[in-house]
Amino acid sequence: MTTKIAVSNQKGGAGKTTTSINVAGALNQLGYNVLLIDLDPQGHATEGVGLEDEYDEDVINFYDVLPDLDVIDETAQLIYEHSEMDVIPSHQNMINIEDALAGVPNRENRLSMALDNLDEYEYIVIDCPPNLGVLTDNALLACENVLIPAQAKTTSIRALELLFKQINALEAAFGTEIQEVGLVANEVGTDNEADEMMEWFEEVFEERAPVWEIRKRVALQRAWNTGVSIFEHEEDCDMEKVYLQIAESLEGIDGER
Ligand SMILES: Nc1ncnc2c1ncn2[C@@H]1O[C@H](COP(=O)(O)OP(=O)(O)OP(=O)(O)O)[C@@H](O)[C@H]1O
Ligand SMILES: [Mg+2]
């Protein structure tokens with residue numbers, strides 16, 4: 001059984017990539033076989049796990065696979081090994097994927113089809129792009145679970161409202177249920193705005209899902225720069241335990257529904 005998690009918030013810089021890499025790293029620490037997918041055409045997670053060369057090289061990638069039903073079950077060819085997890089990196093061609101998918105039937109379900117045969121993983125973690133376009137729709141529909149990172153700033157409120165609206169629209173259009181599995185407040189500071197936003201998150205998510213607090217830590221950036229999660233990085237960091245809590249909580253959610 002594979003549990004798939006879309007890490008999504010269309011707001012730029014919310015912490016999607018940092019959360020994706022470190023939650024994948026935490027799941028690996030718990031002994032699971034994990035696949036990290038960088039679905040963002042910018043390729044930040046690809047860089048964050050040291051696969052930046054693959055981003056530029058002439059190799060098969062989701063741009064070739066998602067629009068083409070003849071090769072959509074060949075996703076295994078896209079996978080690279082990393083010390084902590086397997087990875088499907090992004091690719092520069094992904095910048096044009098929205099156009100490539102524009103005319104194809106069932107375009108929102110292409111990723112779901114592409115991931116159908118990958119049953120050796122216990123977890124698939126997908127780093128989403130910073131918009132509510134067709135790639136994010138694909139991730140939400142393929143996973144039916146969403147982990148939401150957000151900065152503890154008032155500008156996050158509108159972003160989350162729009163994300164909830166999009167999730168509701170997808171659920172209605174595709175007759176499915178997309179479960180919010182948690183809110184990761186990211187880069188939480190010690191100012192009043194952060195305190196107020198933590199209260200707002202707790203209030204909004206009280207009945208829905210857990211809320212975690214990740215503080216601003218340069219160790220997380222340094223881990224990213226060396227191509228590993230905080231767990232494989234040589235520095236100790238007090239946020240490791242929070243990422244482990246998130247990973248443990250993912251053990252309790254439904255896998256394939
Ligand atoms: N908790 C943290 N402590 C320190 N730096 C952080 C933390 N979280 C994120 N950052 C830094 O902030 C920047 C934005 O974070 P990140 O890339 O994870 O967000 P994102 O939502 O993926 O952004 P984008 O919308 O561009 O994809 C990155 O440079 C990252 O290293
Ligand atoms: Mg990102």
Side-chain angles (χ1 to χ4, degrees), residues 5-26 36-52 55 62 85 87-92 94-95 97-98 124-140 143 146-153 155-160 162-163 166 180 182-191 193-195 197-198 201 211-233 235-247:
I5 317 283
V7 181
S8 186
N9 180 341
Q10 73 286 357
K11 194 165 186 299
K16 295 176 286 295
T17 302
T18 304
T19 303
S20 298
I21 293 173
N22 290 297
V23 168
L36 172 69
I37 298 179
D38 185 0
L39 205 60
D40 183 357
Q42 299 177 107
H44 290 156
T46 299
E47 202 188 318
V49 294
L51 290 171
E52 56 274 9
Y55 181 84
F62 269 139
M85 59 197 85
V87 181
I88 297 183
S90 188
H91 194 274
Q92 56 179 347
M94 287 291 281
I95 290 162
I97 188 82
E98 303 248 342
I124 298 180
V125 177
I126 304 181
D127 184 16
C128 291
N131 60 59
L132 290 173
V134 70
L135 278 178
T136 296
D137 288 351
N138 265 276
L140 292 170
C143 296
V146 57
L147 179 64
I148 306 171
Q151 288 185 305
K153 294 184 173 167
T155 48
S156 295
I157 295 176
R158 186 166 157 70
L160 290 185
L162 288 172
L163 178 60
Q166 181 72 4
E180 291 149 15
L183 185 285
V184 184
N186 190 45
E187 284 190 273
V188 180
T190 49
D191 51 307
E193 186 182 12
D195 291 348
M197 278 307 295
M198 286 311 298
F201 289 145
V211 172
W212 295 281
E213 192 172 318
I214 295 286
R215 299 205 161 261
K216 192 178 176 93
R217 293 287 182 265
V218 280
L220 292 169
Q221 289 168 337
R222 286 196 286 253
W224 172 320
N225 292 337
T226 48
V228 292
S229 84
I230 193 66
F231 296 94
E232 192 83 352
H233 185 58
E235 264 174 286
D236 282 336
C237 176
D238 57 348
M239 291 301 115
E240 286 176 29
K241 63 174 187 298
V242 185
Y243 286 117
L244 283 171
Q245 284 166 9
I246 298 173

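No hydrogens, no waters, no symmetry mates; every other heavy atom, side chains included, goes into these values. Both ligands and their constituent atoms are indexed starting at 1 by order of listing.
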> Would you mind telling me if ligand 1 is within reach of the side chain of K16, the backbone, both or neither, using heavy atoms under 4.0 Å?
both
> Only heavy atoms of P130, strictly under 4.0 Å: list the atoms of ligand 1 that pass.
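Contacts of ligand 1 toward P130, numbered from 1: 25 (O).
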> Just verifying a value: how many Å separate L220 CG and R222 CZ, rounded to the nearest 0.5 Å?
10.0 Å
> Which part of D40 is near ligand 1, with near meaning a heavy atom under 4.0 Å away: side chain, backbone, both or neither?
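Side chain only.
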> Heavy-atom pairs closer than 4.0 Å: do any link ligand 1 to the side chain of I214, the backbone, both, or neither?
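Within the 4.0 Å criterion, I214 contacts ligand 1 through side-chain atoms alone.
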> Just going by heavy-atom distances, which of Q221, E213, Q10, R217 is nearest to atom 3 (N) of ligand 1?
R217
> Assess, by modelled atom type and distance only, whether the side chains of T17 and D127 contain a donor and an acceptor separated by less than 3.5 Å.
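Judged by distance alone, the side chains do pair up.
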> Any atoms of ligand 1 less than 4.0 Å from a non-hydrogen atom of R215? List them with their elements.
1 (N), 2 (C), 3 (N)
> Considering only heavy atoms, which of R222, K11, E187 lies nearest to atom 10 (N) of ligand 1?
E187
> Evaluate the side-chain proximity of S20 to V125: yes if any heavy-atom separation is below 4.5 Å, no if none is.
yes
> Report yes if some N/O of K216 lies less than 3.5 Å from some N/O of ligand 1; otherwise report no.
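So ligand 1 has no N or O lying under 3.5 Å from an N or O of K216.
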> So which heavy atom in the protein is nearest atom 17 (O) of ligand 1, and how far is it from that ligand atom?
W224 CH2, 3.4 Å
> Which word best sums up how the rings of W224 and H44 line up, parallel for under 30°, tilted for 30 to 60°, or perpendicular for over 60°?
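Plane angle between 30° and 60°, so tilted.
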> Numbering the atoms of ligand 1 from 1, which are under 4.0 Å from a heavy atom of Q42?
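Near Q42, meaning under 4.0 Å from one of its heavy atoms, ligand 1 has 26 (O), 27 (O).
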> Which bit of M239 is near ligand 1, meaning a heavy atom under 4.0 Å away: side chain, backbone, both or neither?
neither
> One residue to check: N186. Relative to ligand 1, which of side chain, backbone, both or neither has a non-hydrogen atom less than 4.0 Å away?
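Under 4.0 Å from ligand 1, N186 contributes side-chain atoms alone.
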> Does the side chain to side chain contact (heavy atoms under 4.5 Å, CB included) test come out yes or no for M198 and F201, once each step is laid out?
CA-CA 5 Å; M198 286 311 298; F201 289 145; 4.1 Å; yes
> Which is it for T17 and ligand 1 at heavy atoms under 4.0 Å: side chain, backbone, both or neither?
both
> Should you measure from each heavy atom of G12, which atoms of ligand 1 turn up under 4.0 Å away?
25 (O)
> Do you see an N/O/S atom of Q42, backbone or side chain, under 2.8 Å from the Mg ion (ligand 2)?
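No - counting backbone and side chain alike, Q42 has no N, O or S atom under 2.8 Å.
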> Heavy-atom distance to atom 23 (O) of ligand 1: which of A45, G13, A185 wins?
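Heavy atom nearest to atom 23 (O) of ligand 1 belongs to G13.
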> Is at least one protein non-hydrogen atom found at under 4.0 angstrom from atom 13 (C) of ligand 1?
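Under 4.0 Å from atom 13 (C) of ligand 1, zero protein heavy atoms found.
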> How long is the gap from CD on E47 to CD on Q42, to the nearest 0.5 Å?
10.5 Å
> When you look at NZ of K153, are more than 12 heavy atoms from neighbouring residues, nucleotides or ligands closer to it than 6.0 Å?
no
> Nearest to atom 18 (O) of ligand 1, what protein heavy atom do you find, and at what distance?
T18 OG1, 2.6 Å
> State whether R215 and D238 are salt-bridged, where the test is any N-O pair (Lys NZ or Arg NE/NH1/NH2 against Asp/Glu carboxylate O) under 4.0 Å.
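Salt bridge: no.
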> Quick one: which ligand 1 atoms are inside 4.0 Å of a heavy atom on L220?
1 (N), 2 (C), 3 (N)
> With a cut-off of 4.0 Å, which atoms of ligand 1 are near a heavy atom of G15?
16 (P), 18 (O), 19 (O), 20 (P), 21 (O)
